[in-house]
Amino acid sequence: MSLNPAQHAAVVHRGSPLLVLAGAGTGKTRVITHRVAALLDEGVEPWRVLAVTFTNKAAAEMRTRIDRLCEGRHATNEIWVGTFHSICARILRRFGQPLGLSPRFTIYDTADGASVMSRILEELDVSDKLYTPRGVLGWIDRAKNRGLGPEELDRLGIVEPVRSVVRKAYTRYQQRLLTADAVDFGDLLLHAVALLRDATGPVRGQLGDTDPVRKLLWRFQHVVVDEFQDTNPIQGELVDLLAAHGELCVVGDDDQAIYGWRGADVSQILEFGESHEGTEIVRLEQNYRSTGHILQCADAIIRKNSGRLGKTLWTDEGDGDRVRVVVLETERDEARLVAREIRNALDEDASPEDFAVFYRTHAQSRVLEDELRGLGIGCRIVGGVAFYERAEVKDLLSYLVAIHNPASDTHLARIVNRPARGIGTTTVQKLSAHAAERGIPLWEALQRPQEAGVGTAAIKRLRGFVELVERLRARESEVPLDALLEEIVEATGYREALLADGDDESMTRLENVQELVGNVGEFVLENPGAGIADYLERMSLAGGERAEGDRDRAITLMTVHSAKGLEFDSVYLTGMEERVFPHARVVDDPIQMEEERRLAYVAITRARRNLTLTLATRRRIYGQLQVGIPSRFVHDLPPDAVEGLRRAPPRPAPAPVVRERSWNDDVVYDATPDVALAPDELEGEAGEGITLWVGMAVKHKDFGIGELLGWQGVGKNLKFHLRFGGVTKTILARFCEPM
DNA sequence: ACATGTTCCCTTTTT
DNA sequence: GGGAACATGT
């Protein structure tokens, strides 16, 4: 298939910055890969091309597709393709020494950072109720996303006394990480930018410059950035630095910006033209993915946002089936419906990989997984409670870190008594305090425990531990990584301890340990000669993406966020209720609501042929039964593109009786035979009641007439969120009357 | 030092 | 409802 005119224009444009506004399903990756291939065909050397993506999956796919396009004509492996974080890691390992980092520095994940921070907060002696490690790290992360140091926190709008605490914590945290030869995610970007920024002094570098970092500034003749709408300011600066002497092409879709909460700044794509002189803008609007009806729904959702660059997707493939909306009683009914339909389709020879089930938050996945597995449908759950967050996995990975990087106190402290070897918290605390006092790494304090005032019994055990770690450390260079891990499992007594315990939980842990060993084995197979550092980097940056082998016979369950960039024949978008999607936490903030709307847009545009939106009128949230009403996004869908949904006729004002299962809303589900559930599959019973909807008028005897914003609870505890003029109140429904 | 009990907060979204 | 962090008892 040849490129359409817009795609072609984006591929061949040269000589000035290029902004490609690529709507969902318009062949964005195609444009990027063709552009890179064209550059190589024109004689640009592969090592002078950089392609940056947001996720590892996208990077892998891009590389594969570039390889395929170039078919051995070019040394495509010399192209730099990677995520922001992996590219920064690469730069810092090579050139980070002036910043105090060794080439073998460790990348700390959020949990590692939190463990460092919790000690710092203890030292600072601040209230652990007011200042939690993750809370303070949140501020630090926001600062880092914008390239701000400890002294510039006021630019975040952070006020006293929090600012002082965060400033002190931030300063100490950076020192602590540096002495541990470690960086966190934010540092990867921050340090790389600092390095490159320093190299752009008054003495401008040039080709042939001997300074390695200045050479780097000249290296890339072409830089291509994917998903540019999700970049944060520091990433924007990084891109500008790397493309300082080359040509920059950014690709993205302002309508798919969904990471504002993480510091991404849509204005970078909105204002790219202004900030980059001579920018050429190309719009991709022809959609090759979805049916017309799906696109009509997507457009109806997104057009309500303000501040868009504005695109309208179109297809010449026809309208296709209508988008379905199915209203169910409870989240279990919802899950059963999804499971039943997919089961039927699979029985008629559909492929599992064509199905995806989306939800707003991970918490919603459990019931769905339950019901799907109940019908024998294999599920692949993306993200969620990660394998790599299990205690046993973290323990073993901590052994790897501690062996590889003796300076990493936090990992050493984690494993010193794991499995239990009689080195208790008192002992570890004494050693830590001693190490901090003398300004030495914990590892050194461990070797001279008598100086820290540790008792004789503990001293003996510590000696055993130190010898154990040293023995394993010696093995690092002698055996392959997977063999080393096996030795760790044995030599530390980890396996023995789990076996001795013998209960179900320990057996599960043992299985996880086996799985980790297997995973490392696979990694070594794919990357012969890889060491601890390579594996750990993959773990931390790839979020531990697991082997895709089990993918074939399984359907995919994931949050809408993780669905970005993917497409499926049939998509189920579940939990389409107010306060679920859109999430309760954003309904009062118009800015966040726009992001939520973009999220809905992303979800809808994932579907190729079939899209089903489901919602439950009652749902358990935190174990509390909540009454739900159809999401505003459901209301926004164009009636002609949708089935299973009709407006209820206006009703006379009903009596103000409010009981459980006491409302219907103005959206009614038309049961069609293949979709309907048998009565015995439904939880609870039907009942008659009144109609409630957001925006309806409700009267209260003291406050007068208010506008209904939402509600919570059931039965006697049903409460209304009401706006009376400028004030909002939450009032028990039984004190109110509908108008 | 470890096992069991209790409370709390949680739920956005993740490189 | 449920997991993790804390507290208490042996």
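All of these numbers come straight from a predicted model, not from anything done at the bench. Per chain, numbering begins at 1; letters A, B, ... match sequence-line order.
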Inset, instruction - Please tell me which of the listed nucleotides, B:dT14, B:dT11, B:dT15, lies nearest to the side chain of A:Thr55? - result: B:dT15
Inset, instruction - Ignoring the backbone of A:Tyr259, work out which of C:dG3, B:dT14, B:dC2 is nearest its side chain. - result: B:dT14
Legend entry - Interatomic distance, A:Phe358 atom CZ to A:Thr574 atom OG1 [nearest 0.5 angstrom]: 10.0 Å
Inset, instruction - Determine the contact category for A:Arg366: base if any of its heavy atoms lies under 4.0 Å from a base atom, sugar-phosphate if only primed atoms, P, OP1 or OP2 are that close, otherwise nothing. - result: sugar-phosphate
Inset, instruction - Look at the side chain of A:Ala420 and decide which nucleotide, out of B:dT15, B:dC2, B:dT14, has an atom nearest to it. - result: B:dC2
Inset, instruction - Could you tell me whether the phosphate oxygens of B:dT15, OP1 or OP2, come under 4.0 Å of any side-chain nitrogen or oxygen in A:Ser86? - result: no
Legend entry - A:Trp261 aromatic ring stacked with six-membered ring of B:dT13, 5.5 Å and 30°: yes
Inset, instruction - Assign A:Ala584 to base, sugar-phosphate, or nothing according to its heavy-atom contacts below 4.0 angstrom with the strands shown. - result: nothing
Legend entry - Nearest-nucleotide pick for A:His362, side chain only, options being B:dT13, B:dC2, B:dT15: B:dT13
Legend entry - Backbone N/O of A:Asn305 and side chain of A:Glu594: donor-acceptor pair under 3.5 Å: no
Inset, instruction - State which residues pass ring-ring contact (aromatic ring centres under 6.0 Å, His included) with A:Phe105; sequence neighbours excluded, sorted by chain then number. - result: none
Legend entry - Residue A:Thr559, side-chain heavy atoms: nucleotide from B:dT11, B:dT14, B:dC2 that is nearest: B:dT14
Inset, instruction - Take the protein atom CG of A:Asn232 and the nucleotide atom C1' of B:dT15, then report the distance between them rounded to whole Å. - result: 10 Å
Inset, instruction - Would you mind reading off the distance between A:Asp187 atom CG and B:dT15 atom C1', rounded to a whole angstrom? - result: 14 Å
Inset, instruction - Pick base, sugar-phosphate or nothing for A:His85, based on heavy-atom distances below 4.0 Å to the nucleic acid. - result: base
Inset, instruction - Take atom CZ of A:Arg134 and atom C1' of B:dC10, then tell me their distance rounded to the nearest Å. - result: 13 Å
Inset, instruction - With the side chain of A:Asn56 defined as its heavy atoms from C-beta on, choose the nearest nucleotide among B:dT15, B:dT11, B:dT13. - result: B:dT15
Inset, instruction - Check whether the ring centres of A:Tyr108 and A:His411 lie less than 6.0 Å apart, and answer yes or no. - result: yes
Legend entry - Euclidean distance, atom CZ of residue A:Arg90 to atom P of B:dT15 [Å, nearest integer]: 21 Å
Legend entry - Nearest-Å distance for atom pair CG/C1', residues A:Asp141 and B:dT13: 14 Å
Inset, instruction - Write down the distance between CZ (A:Arg619) and C1' (B:dT11), rounded to a whole number of angstrom. - result: 13 Å
Inset, instruction - Tell me which nucleotide among B:dC2, B:dT15, B:dT13 gets nearest to the side chain of A:Asn417. - result: B:dC2
Legend entry - Pair A:Asp255-A:Gln229, side-chain donor/acceptor within less than 3.5 Å: no
Inset, instruction - Assign A:Gln592 to base, sugar-phosphate, or nothing according to its heavy-atom contacts below 4.0 angstrom with the strands shown. - result: base
Inset, instruction - Would you kindly compare A:Thr83 and A:His583 by the position of their nearest DNA chain B nucleotide and give the one closer to the 5′ end? - result: A:His583
Inset, instruction - Report the distance from atom CZ of A:Phe581 to atom P of B:dT11, rounded to the nearest whole Å. - result: 19 Å
Inset, instruction - With DNA chain B as reference, determine whether A:Ser562 or A:Arg421 sits nearer its 5' end, using the nearest nucleotide of each. - result: A:Arg421
Inset, instruction - Measure the CH2-CD1 distance between A:Trp80 and A:Ile91 for me, rounded to the nearest 0.5 Å. - result: 5.0 Å
Legend entry - Distance, rounded to the nearest Å, where A:Lys57 contributes NZ and B:dT15 contributes C1': 13 Å
